[in-house]
Amino acid sequence: MSLSLYNSMTCSKQPFQPIDSQRVTMYVCGPTVYNRVHIGNARPAVVFDTLYRLLTSLYPNVQYARNITDIDDKIMKTAAELGEDISVLSTRYAEAYFDDMQALNNLPPTIVPYATQHIPEMTDMISRLVAKEHAYESEGHVLFAVQSMADYGKLSGRSLDDMLAGARVEVASYKKYAGDFILWKPSADDEPGWDSPWGRGRPGWHLECSAMIEKHLGESIDIHGGGQDLIFPHHENEIAQSCCAHDGKPVANVWMHNGFINIEGEKMSKSLGNFRMVNDLLEQYPGEVLRYVILSAHYRSEQNFGKDLLDSAWRSLDAIYGFLRTQVGIEAAAVDIADTHAYAALLDDLNTPVAISELHKFAREMNAADGDALAEAKGRLLAVAGLMGLLQQDPEQWFTHSRGGSDISAEEIEVLIAKRNQAKADKDYAGADGVREELKAMGVVLEDSREGTKWRRG
RNA sequence: GGCGCCGUAGCAAAGUGGUAAUGCAGUGGACUGCAACUCCGCGAUCGUCGGUUCGAUUCCGACCGGCGCCUCCA
């Protein structure tokens with residue numbers, strides 16, 4: 001069985017062939033840190049984290065880099081408004097991003113490069129591009145000359161004429177050609193800047209990824225990922241820079257792009273005011289619910305986040321954790337999942353919806369099994385789920401953790417349960433039901449069984 | 001204008017040239033003092049219209065509807 005991935009460059013699914021089977025390299029575009037991140041930023045993080053886990057199951061050494069963009073005009077603008085240094089602002093939000101990603105059960109990437117820590121690498125790359133006449137200096141700017149590259153536009157599938165036909169191209173006096181993009185731009189005295197051969201300034205947006213990939217992963221990497229909107233111009237320009245700096249070598253063999261997340265049927269936008277921040281959602285839902293929702297759709301399709309979907313996902317997880325809760329004393333057996341339908345689905349361009357459906361089947365199998373079969377079923381369920389970063393929590397905690405609604409403590413709940421048990425022992429069923437209703441009103445559901453009464457928040 | 005995507009049961013979401021996984025919700029029953037959990041059962045002919053084919057939801061075309069990108073953007 002082998003991994004197949006859809007390559008945006010060729011618009012087709014292809015068998016994955018690493019450049020070096022001993023060291024697989026993946027780079028994913030991370031956030032620009034000037035605010036808390038929204039759920040749209042979470043999708044690539046979750047998707048490529050899942051791919052990272054999958055790759056790790058196949059190859060001995062997977063190098064996964066996800067950058068932090070900590071110099072950018074949006075950062076400068078926000079920092080100026082708050083009257084603080086950009087590094088203070090960007091550090092704060094980078095930390096917040098890490099917290100949010102951890103809450104979604106994303107593993108830390110192997111490498112987390114920061115743009116501002118790679119200024120020399122960037123200026124070095126610019127110098128090489130200028131020397132090779134792919135870039136030129138003009139009025140303190142350095143621009144990439146897109147006409148100097150034959151294949152420019154290949155990833156996004158458009159010609160230079162097509163691009164300019166859109167007519168939203170910025171016309172600037174320093175551009176020789178309207179489609180040229182900035183590698184370096186001058187900074188005013190009150191703006192952040194670094195010294196360079198072209199004066200004090202700052203790098204263009206696309207350059208950091210090219211420079212950081214080159215430094216940390218090499219001239220050509222196996223997989224490059226990001227959101228669909230990055231195809232143009234970001235990744236197109238990244239390809240242009242890296243490819244031209246490296247005499248035509250491809251920067252990545254496989255380009256992967258996740259689809260967009262909409263909110264209640266509408267695109268997230270400032271004008272609609274419907275940005276859903278991850279940390280806000282985390283106040284209402286466990287991170288695992290957000291993760292489950294993201295993985296319940298194929299990564300390339302558009303996904304519509306809404307309350308119904310989140311609630312449904314929560315109940316779906318409840319169902320499986322419910323099975324796990326009843327088998328909490330069973331030690332999961334170490335099993336080989338290589339021959340499972342679920343693993344095959346993941347290998348098939350990360351078909352997480354199918355893998356999740358298999359999780360539900362595994363859970364039922366586990367529920368019906370006993371003895372060795374039970375231990376194996378549990379092992380299979382947890383192993384496949386682990387590849388997706390799901391179901392790794394303690395089931396007891398899953399059900400007893402606060403769900404935002406009820407403030408009643410576990411101790412108070414236990415006191416009421418004891419009271420109800422006494423009522424039951426006294427055949428006072430009206431009293432017992434009263435306690436049940438009282439707890440239900442506070443979002444606590446009781447489940448009687450031979451072993452006693454369990455409770456959960458629901 | 002250019003490039004591209006999507007339309008599958010109430011909701012969500014896979015999939016295949018030979019009449020469609022899975023989850024949530026709903027519903028009938030078993031279990032239960034009552035419940036909950038669990039178990040058994042129940043639902044779609046795949047936007048519309050043509051074409052290719054022995055046969056299409058799956059391939060081709062047209063149309064209808066929804067959407068994305070075209071230098072802020074995951």
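Reminder, nothing fancy here: chain letters follow the sequence lines and each chain counts from 1.
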Distances for protein N or O near nucleotides 18-21 of chain B N or O, under 3.5 Å:
residue: B/rA21; atom: O2'; partner: A/Lys361; partner atom: NZ; Å: 3.0

Quick check: any donor-acceptor pair below 3.5 Å linking the side-chain of A/Arg436 to the base of B/rA35? yes
Contact class for A/Trp314 vs. all strands (heavy atom < 4.0 Å): base, sugar-phosphate, or nothing? nothing
Considering only atom C1', compute the distance from B/rA30 to B/rA21 and round it to an integer number of Å. 27 Å
Please determine whether the number of non-hydrogen atoms from other residues, nucleotides or ligands lying under 6.0 Å from atom NZ of A/Lys454 exceeds 12. yes
NA contact type, A/Leu446, heavy-atom cut-off 4.0 Å: base, sugar-phosphate, or nothing? base
OG1 (A/Thr78) and CD1 (A/Ile86) are apart, to the nearest 0.5 Å, by 11.5 Å
For atom CG of A/Leu290 and atom C1' of B/rA74, their distance in whole Å: 15 Å
Base, sugar-phosphate alone, or nothing: which one does A/Asp433 contact when heavy atoms must sit under 4.0 Å apart? base
Closest of B/rA14, B/rA12, B/rC70 to the A/Leu309 side chain is B/rA12
For a quick test of reading the model: is some side-chain N or O of A/Ser301 closer than 4.0 Å to OP1 or OP2 of B/rC67? no
Taken to the nearest whole Å, CE/A/Met268 to C1'/B/rG68 is 14 Å
When you compare the protein's N or O atoms with those of nucleotides 24-30 of chain B, which come within less than 3.5 Å of each other, and at what distance?
residue: B/rC24; atom: O3'; partner: A/Arg315; partner atom: NE; Å: 3.2
residue: B/rC24; atom: O2'; partner: A/Arg315; partner atom: NE; Å: 3.1
residue: B/rC24; atom: O2'; partner: A/Arg315; partner atom: NH2; Å: 2.9

Answer with base, sugar-phosphate or nothing: what part of the nucleic acid does A/Lys267 contact at a heavy-atom distance below 4.0 Å? base
Measure from NZ or CZ of A/Arg436 to the centre of the six-membered ring of A/Trp455, then state whether that distance is under 6.0 Å and the direction lies within 45° of the axis. no
Would you kindly check if the NZ (Lys) or CZ (Arg) of A/Arg66 is within the cone defined by 45 degrees around the ring axis of A/Phe48 and under 6.0 Å from the six-membered ring centre? no
Return the value, rounded to whole Å, for the distance between atom CD of A/Glu266 and atom C1' of B/rC73. 17 Å
Between A/Tyr292 (OH) and B/rA13 (P), how many Å, whole number? 12 Å
Would you please classify the geometry between the A/Trp255 ring and the A/His224 ring as parallel, tilted or perpendicular, with 30° and 60° separating the classes? parallel
How would you label the contact of A/Asn351 with the nucleic acid (heavy atoms, under 4.0 Å): base, sugar-phosphate, or nothing? sugar-phosphate
Identify whether any heavy atom of A/Arg300 sits under 4.0 Å from a base atom; if not, whether one sits that close to sugar-phosphate; answer base, sugar-phosphate or nothing. nothing
Would you classify A/Asn367 as touching base, sugar-phosphate or nothing, given that sugar-phosphate means primed atoms plus P, OP1 and OP2, and contacts are heavy atoms under 4.0 Å? sugar-phosphate
Value in whole Å for how far the C1' atom of B/rU71 lies from CG of A/Leu230: 12 Å
For a quick check of understanding: with a heavy-atom distance under 4.0 Å over all strands, which category does A/His257 fall into, base, sugar-phosphate or nothing? nothing
Would one find a side-chain N or O of A/Lys154 under 4.0 angstrom from OP1 or OP2 of B/rC3? no
Give the rounded distance in Å between these two atoms: OH of A/Tyr6 and P of B/rC5. 7 Å
Going by an N to O cut-off under 4.0 Å, is there a salt bridge joining A/Glu358 and A/Lys361? yes
Basic-acidic side-chain contact under 4.0 Å: A/Asp73, A/Arg202: yes
Does A/Asn67 reach the main-chain N or O of A/Gly30 with its side chain, forming a donor-acceptor pair under 3.5 Å? yes
So, is the end of the A/Arg276 side chain (NZ or CZ) under 6.0 Å from the ring centre of A/Phe305 and within 45° of the ring's axis? no
What contact category does A/Ile261 fall into here, base, sugar-phosphate, or nothing, at under 4.0 angstrom with non-hydrogen atoms? base
Rounded to the nearest Å, what distance is computed from the CE atom of residue A/Met388 to the C1' atom of nucleotide B/rA13? 14 Å
In RNA chain B, stems of three or more consecutive pairs, Watson-Crick or G-U, each with both distances under 3.5 Å, turn out to be B:1-7 with B:64-70, B:10-12 with B:22-24, B:26-30 with B:38-42, B:47-51 with B:59-63
Would you indicate what A/Gly226 reaches in the nucleic acid, counting non-hydrogen atoms under 4.0 angstrom: base, sugar-phosphate, or nothing? sugar-phosphate
Output the rounded distance in Å from CG (A/Asn41) to P (B/rC72). 17 Å
Determine the contact category for A/Gly227: base if any of its heavy atoms lies under 4.0 Å from a base atom, sugar-phosphate if only primed atoms, P, OP1 or OP2 are that close, otherwise nothing. sugar-phosphate
